[in-house]
Engineer: 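Mind looking over this structure? Questions follow.
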2 protein chains.
Amino acid sequence: MVTVKKTDRPAEDLKKKILEAARELFLKHGYEATSMRKIASAIGISPTAIYLYYMDKSDVMHALHSEGFFLLNSRFAVLAQVESPFERLKAMGRIYMQFAVENADYYRLMFILKEPMEYLDNHCHDEDWDEGEQAFYALINTVEACMQEGYFKDQQPHEAAMLVWSAMHGLVSMHLSGHLEHITHTKNIFPQPDQAMEQTFQSLITLMSKR
Amino acid sequence: MVTVKKTDRPAEDLKKKILEAARELFLKHGYEATSMRKIASAIGISPTAIYLYYMDKSDVMHALHSEGFFLLNSRFAVLAQVESPFERLKAMGRIYMQFAVENADYYRLMFILKEPMEYLDNHCHDEDWDEGEQAFYALINTVEACMQEGYFKDQQPHEAAMLVWSAMHGLVSMHLSGHLEHITHTKNIFPQPDQAMEQTFQSLITLMSKR
DNA sequence: TTGCACACTTTACACCGTTAACCTATGTTT
DNA sequence: AAACATAGGTTAACGGTGTAAAGTGTGCAA
């Protein structure tokens, strides 16, 4: 028989439904509020049925983890349009920042929570982080191009790239954790506390602009 | 009777014992592995007895949170010896980095985990974060002094200070989460992956050195 | 002696991730 | 057709979590 089987893989069908339910719960209520039991009841199956398709909770979350990197890289795609290296670097930072704010839970899963990282360590297939590494390579290349225009003098490309990433991650994660707002709101340090992240980002650009 | 009562405040005595047990468990096994039941059994009381002295788990953890800030500020004390503003800034960064590495769990509790922050928001006594804000003021002052020597040109002190803190926090938290090592080890980007954090720190100093 | 308040325990509830055992419908082999 | 095997679930259970409510014993005051 050569006809396409309707129910070729009902299994994979349920796997998708599980992931969809997990994503919906995760994006609505965050990591910890997304339990195996809730995922299961959302699609009307028993909690243990999930274990037929995923090894454990961290495996489910890892699937979302990968989705996040795909999303981020999709956003980075527009950077190909930006010719000037330094402008590209700035745009990259802005996209990164926007992604983190608009997809806070994804960001936490990708860069802050340790569970997906532990999954990678335990099940040791590194190809899953390829999307992440790919983005980092793009950053290094952009930094390298900036150096040819006189930026980041006396620096190594990979070190400068890591520095930029660190600064952006630090800024963004302090915003997401509430520490940034806590500091900027309680005392009269920042004239416009609401724009603390934006202003700090500008400050980074100013610092990097020096040649 | 004017004699000193032996059991003047057995209550506060037990409160201390609870905190000691919590600290020991926390520093040995981390936040999540420190449960109310384990704390209780460590000192031979029932789990619910803790609730006579602390509102909930986040309250207990908040006590350790405060300890962490006290510890960090103690380390910062030596900075008074450093006269040169820029040298002081560098030393501040190094101390911050060392503190994070040597007291990873404290650092997570202070700057990454959201539970202690939620406690502050819910129980709204801001004086607890004073130690944290104090440290940030010290950073602003140091940055301001650096500016008088020509550093951080075209920047606002509070913005530059926030930038420095963001960069340090980003660097340190990516180290603690394992992301930094993951990136630097898997591919041959960094010649000496083990010193990735140190080298990125140096890169920050190089960037800040420009006047 | 009675009564009461304090300090703590016991019990209980509603969750959690995960394992092991069980069921049942479908399809295949004998 | 009858027996069997397997896929694709289920139910029950274990050991854990934070926390609320009710119960208990002891010391002290009236």
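Just the heavy atoms: all of them, side chains too, but no hydrogens, waters or symmetry mates, feed the values below. Within every chain, numbering begins at 1; the chains are lettered A, B, ... in the order of the sequence lines, protein sequences first and strands thereafter. Fair warning: this is a prediction, and the values are worked out from it, not measured in the lab.
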Engineer: Let's see if you can work this out: which of D:dT19, C:dT18, C:dA7 has an atom nearest to the side-chain heavy atoms of B:K57?
Structural biologist: D:dT19
Engineer: Apply side-chain contact (heavy atoms from CB on, under 4.5 Å) to B:S66 and list each qualifying residue two or more places apart in sequence or on a separate chain.
Structural biologist: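 By the side-chain contact (heavy atoms from CB on, under 4.5 Å) rule, B:S66 matches B:H62.
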Engineer: Sequence neighbours excluded, which residues qualify as ring-ring contact (aromatic ring centres under 6.0 Å, His included) partners of B:F69?
Structural biologist: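 Per chain and number, B:F69 pairs via ring-ring contact (aromatic ring centres under 6.0 Å, His included) with B:H65, B:F111, B:W129.
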Engineer: Please enumerate all residues that pass salt bridge (charged side-chain N to carboxylate O under 4.0 Å, His left out) together with B:E181, with sequence neighbours excluded.
Structural biologist: none
Engineer: Sugar-phosphate atoms are those with a prime plus P, OP1 and OP2; base atoms are the rest. Using that split, label each nucleotide of nucleotides 20-27 of chain C B, S or - for protein heavy atoms under 4.0 Å, 5' to 3'.
Structural biologist: --------
Engineer: Could you tell me how far apart B:I43 (CD1) and C:dT9 (C1') are, to the nearest whole angstrom?
Structural biologist: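 Spelled out: CD1 on B:I43 to C1' on C:dT9 is 14 Å.
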Engineer: Residues two or more places apart in sequence or in another chain: which of them pass side chain to side chain donor-acceptor pair (under 3.5 Å) with B:R108?
Structural biologist: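 Partners of B:R108 under the side chain to side chain donor-acceptor pair (under 3.5 Å) test: none.
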Engineer: Has A:Y53 got a side-chain N or O lying under 4.0 Å from the OP1 or OP2 atom of D:dG9?
Structural biologist: yes
Engineer: Starting from the first five and the last five pairs of the helix from C:dT1-D:dA30 to C:dT30-D:dA1, work out the angle between the resulting helix axes, to 10 degrees.
Structural biologist: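 Taking the rotation axis at each end, their angle is 40°.
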Engineer: List the residues meeting side chain to side chain donor-acceptor pair (under 3.5 Å) with B:E144, not counting sequence neighbours, and say none if there are none.
Structural biologist: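 Counting only residues at least two positions away or on another chain, B:E144 forms no side chain to side chain donor-acceptor pair (under 3.5 Å).
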Engineer: C:dC8, D:dT19, D:dT10: which one has an atom nearest the side-chain heavy atoms of B:L14?
Structural biologist: C:dC8
Engineer: B:E198: what forms a side chain to side chain donor-acceptor pair (under 3.5 Å) with it, not counting sequence neighbours?
Structural biologist: B:R94, B:Q202
Engineer: What is the distance, rounded to the nearest whole Å, between atom OH of B:Y54 and atom P of D:dA20?
Structural biologist: 17 Å
Engineer: Whole Å only: how far is the OH atom of B:Y51 from the P atom of C:dT11?
Structural biologist: 18 Å
Engineer: Quickly work out the A:E115 CD to C:dC16 P distance and round it to whole Å.
Structural biologist: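 Nearest whole value for this atom pair: 16 Å.
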Engineer: Rounded to the nearest Å, what distance is computed from the CG atom of residue A:L52 to the P atom of nucleotide D:dT6?
Structural biologist: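 Checked: the CG to P distance equals 17 Å.
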Engineer: Who pairs with B:S177 by side chain to side chain donor-acceptor pair (under 3.5 Å), at least two apart in sequence or on another chain?
Structural biologist: B:H179
Engineer: Please evaluate residues B:L89 and B:L139 with respect to the criterion side chain to side chain contact (heavy atoms under 4.5 Å, CB included), reporting the C-alpha separation (whole Å), side-chain torsions for both, the decisive distance (0.1 Å), and the verdict.
Structural biologist: CA-CA 7 Å; B:L89 185 64; B:L139 177 60; 3.6 Å; yes
Engineer: Just how far, in rounded Å, is C1' of C:dC16 from CD1 of A:I50?
Structural biologist: 13 Å
Engineer: Figure out the CD1/P separation between A:I45 and D:dT11, and round it to whole Å.
Structural biologist: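 To the nearest whole Å, that distance equals 12 Å.
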Engineer: May I ask you to list the residues of residues 28-39 of chain A, by number, that have any heavy atom positioned under 4.0 Å from an atom of DNA chain C?
Structural biologist: A:T34, A:S35, A:M36, A:R37, A:K38
Engineer: Could you check whether the rings of A:H158 and B:F190 sit parallel, tilted or perpendicular, using 30° and 60° as the cut-offs?
Structural biologist: perpendicular
Engineer: The criterion is side-chain contact (heavy atoms from CB on, under 4.5 Å); which residues satisfy it with A:A138, sequence neighbours excluded?
Structural biologist: A:M92
Engineer: With a cut-off of 3.5 Å and sequence neighbours excluded, list every side-chain donor-acceptor pair involving residues 24-31 of chain B.
Structural biologist:
none

